[in-house]
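Here is the structure we will look at.
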Protein chains: 2
Amino acid sequence: MATIKDVAKLAGVSISTVSYALNNHDKVSLSTKKRILEAARRLNYQKNGIASDLKRSSTRTIALIVTDLAGPHYAELVKGIQEVALSRGYDLLACSSLGGEQSTAVKFLTEKRVDGAIVLAYNIPAATLRRAAREAYPIILLDREIESPHTVSIEVDNEAGCHMATEHLIEQGHRRLAYVGGNPMEPLNEQRVSGFKRALRQHGLEREGQLHQFGMFNRDNGYAMTKMLIAEGNLPTGILYYNDEMAIGGIQAFREYGIRVPGDVSVIGFDDIELAQYVRPALTTVMQPKYERGALAAHLLFQALDGKPLEPRYRLPTRLIVRDSVRAPAGHEGKVPLRSE
Amino acid sequence: MATIKDVAKLAGVSISTVSYALNNHDKVSLSTKKRILEAARRLNYQKNGIASDLKRSSTRTIALIVTDLAGPHYAELVKGIQEVALSRGYDLLACSSLGGEQSTAVKFLTEKRVDGAIVLAYNIPAATLRRAAREAYPIILLDREIESPHTVSIEVDNEAGCHMATEHLIEQGHRRLAYVGGNPMEPLNEQRVSGFKRALRQHGLEREGQLHQFGMFNRDNGYAMTKMLIAEGNLPTGILYYNDEMAIGGIQAFREYGIRVPGDVSVIGFDDIELAQYVRPALTTVMQPKYERGALAAHLLFQALDGKPLEPRYRLPTRLIVRDSVRAPAGHEGKVPLRSE
DNA sequence: AACCATAATCGAAACGTTTCAATTTTTTAA
DNA sequence: TTAAAAAATTGAAACGTTTCGATTATGGTT
């Protein structure tokens, strides 16, 4: 591969002049610039970006780190990040943390291959993130919080979202409620449970609420846990799932048992993924502001890169999206007035 | 940030020894290695990956280039690529060609920031790809073909897929058929049309086939074009759409006009995206082997990197997935024997 | 004690750029 | 003409690694 040296030789000029010419510094005369460009073209010269980055000690690139590139990655979120990055003239790379400490993500986090990162992955240890985050290397964390001066967290108001969803069920007349989630140690899960519980408490329904927390947060586990719920008998009339994926898995399980949603049991999800509106019945769910989340993340990253001081924590509101998976339980037609205690 | 130099100084040892120690060459004695590791830990040393890549002149990284990171990104395809890359100890990066010649994608393609690339993007000019592809920098193209010695194309058998889909409609008794696609100049579109036309020809139905090709290949345009089709009157009974997205847009349009699918008109898509099975009616479609495509792409990329000679072109088979969006037209109940001419 | 083989360490060049400061060339002004 | 100013060009250092070949230290054999 031709290097800048070869171009210099062919154009009969020094290396530095070639560099200036290629980078459009106006120091170099028009005639030599033309000569250099022609030489570069003839040699099919392409600059080595790595060498360039090394010298400049900046990559003008940020990374979006996700657990799995093949996973669901909220198109709207990416769009928000993408647009902000583009407008700042930065490049955006996506990579995954699959593989743990050997993963591409960790490599990029620690080896200064990018100028900053937005992280949406739970499987990267806090210690790794703390070690990677530096003054000149800010990290924006989505749905996650760690103790570190160079890190900013953006969270959605999970507690309030689940509280709102639960109240919606109660308002429709549901009294026997359940929350179905995954591993109870996950902070996100905890927050969601807590919103659920607070609503129950406020309406004097603690004793009627069931909590089912176990395993992963995906469709398969939603399906499996719902089957267990059915097998146990004593089915609640309203269920709040940790997220849409689990809810969709749950609906599938109900269908297989001939239990009608929302006729026999009402279901609410969380996230408002694209599928939620296509699934039958269309899923009532708690919406996260996806685009805004991405845009905010990217915006904050650049603020940090500019050396501006930031809050350590931002919280975004949620909204209830009412579709067709919730209905008043049998014998409870019509809205029931809320009664706080 | 601490560099290898600082570590060397603290450990009281030369730079080269530090490098050897950190890279686990067995040249260095256990005691000094321990001393060096301890010094590195104390300084919170992290190697500069860019400098390392520059010296090694290899990145052990490949890129997946897509038109839009926020676009639909066939999870299964990515999974195939990811698994093969991981098994070879390579890193995988995803970036987009949004922004044309200034895009991250083009930068990565031309500036040797990765060792090779898999490209699933139509908006990168063939000239750019040809210029970027070199002996030591292979490029695998998905759904696209260009004339170049260092480039390999993987295509799905679009022609056969559409032929099969069209025959399925004919077999069910449909006689008045239409193809709805986008910009007729796109090679993919051409291939699909051609399969459609061949089936019509074989069954003596050329004259009953309509072709509607215009605009983009997304849901919105599927919706818009279907509305035009309806407005024109003379509705066909069976429609083959360029892809699932357009078909889903089309079904939406039919619904708004009270035209039943598949009662009044049958619809087939192409791709078998995840949504296809969730949409109502569930979409009959032509499936592409997604995971296999990704795995093959990555596999071929590594073959090329190993210097093995490759076919310039691979073609993958498709399969018809029968769901609920096709039914025999009114007055044509029961299967109609195919009759070739 | 002298020698040799092996192990451990080191110095320096290289990777391909960018950019500062110095030098050379050209232009302008007197 | 010549001096000064401006414009164009250049050499060299630097970015932070890796790695070759050379050097020094360590043991093992006679």
Side-chain angles (χ1 to χ4, degrees), chain A residues 1-40 43-61 107-108 110-115 134 136-137, chain B residues 1-40 43-61 107-108 110-115 134 136-137:
Chain A
M1 283 296 316
T3 72
I4 201 174
K5 226 183 214 160
D6 303 310
V7 178
K9 200 179 299 171
L10 183 58
V13 88
S14 80
I15 290 180
S16 35
T17 305
V18 174
S19 176
Y20 285 128
L22 294 176
N23 288 297
N24 256 319
H25 280 241
D26 45 6
K27 314 174 126 197
V28 33
S29 74
L30 228 73
S31 63
T32 47
K33 183 186 281 185
K34 228 166 62 189
R35 198 145 39 89
I36 289 169
L37 257 35
E38 170 59 18
L43 292 170
N44 190 18
Y45 167 79
Q46 304 284 170
K47 92 152 148 197
N48 183 318
I50 293 186
S52 170
D53 279 357
L54 175 59
K55 187 68 233 277
R56 286 204 220 262
S57 60
S58 144
T59 62
R60 292 196 77 76
T61 302
K107 190 165 149 186
F108 270 68
T110 56
E111 298 186 356
K112 355 194 179 329
R113 289 166 185 276
V114 289
D115 292 356
R134 296 177 292 272
Y137 191 128
Chain B
M1 285 294 317
T3 72
I4 200 174
K5 226 184 213 162
D6 304 311
V7 178
K9 200 179 298 171
L10 182 58
V13 88
S14 79
I15 292 181
S16 37
T17 306
V18 175
S19 177
Y20 285 128
L22 294 176
N23 289 297
N24 256 322
H25 281 243
D26 45 7
K27 314 174 126 195
V28 32
S29 75
L30 228 72
S31 62
T32 46
K33 183 186 280 187
K34 227 168 61 189
R35 200 147 36 90
I36 288 170
L37 257 36
E38 170 60 18
L43 293 170
N44 191 18
Y45 167 79
Q46 304 285 169
K47 92 153 148 192
N48 184 318
I50 294 186
S52 169
D53 279 356
L54 174 59
K55 187 69 234 276
R56 289 204 219 261
S57 62
S58 143
T59 62
R60 293 195 77 75
T61 303
K107 190 165 150 187
F108 270 69
T110 57
E111 298 187 356
K112 349 192 183 335
R113 288 167 186 276
V114 289
D115 292 356
R134 298 178 288 275
Y137 190 126

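Below, each value reflects all heavy atoms present in this structure, side chains not excepted, and no hydrogens, waters or symmetry copies. Quick note on labels: first sequence line is chain A, next is B, and so on, each numbered from 1.
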Exercise. Within this structure, what is the NZ-to-C1' distance between B:Lys5 and C:dC10, rounded to whole angstrom?
Worked result: 15 Å
Are any of the side-chain heavy atoms of [X] and [Y] separated by less than 4.5 Å?
X       : Y       : value
B:Asn44 : B:Gln46 : yes
A:Asn24 : A:Lys33 : yes
A:Lys47 : A:Leu22 : no
B:Leu10 : B:Ile36 : no

Find every protein N or O atom lying less than 3.5 Å from an N or O atom of nucleotides 4-8 of chain C, and list the pairs.
none

Problem set entry | Residues from residues 6-22 of chain B lying under 4.0 Å of DNA chain D - heavy atoms | B:Ile15, B:Ser16, B:Ser19, B:Tyr20
Problem set entry | Of residues 44-60 of chain B, the positions that come close to DNA chain C - non-hydrogen atoms, cut-off under 4.0 Å | B:Leu54, B:Lys55
Problem set entry | By salt bridge (charged side-chain N to carboxylate O under 4.0 Å, His left out) - contacts of B:Lys107 (at least two apart) | A:Asp91
Seminar exercise, completed: Contacted region of DNA chain D by chain B, from 5' end to 3' end of the hits, cut-off under 4.0 Å to heavy atoms, spans D:dG16 to D:dC20
Exercise. So which heavy atom on A:Tyr45 is nearest to which on A:Ile4, and how close?
Worked result: CE1-N, 3.3 Å
Exercise. Using a distance-only test with no angle check, is there a side-chain donor-acceptor pair under 3.5 angstrom linking A:Ser19 and A:Ser16?
Worked result: no
Problem set entry | Contacts of type ring-ring contact (aromatic ring centres under 6.0 Å, His included), residue A:Tyr137, not counting sequence neighbours | none
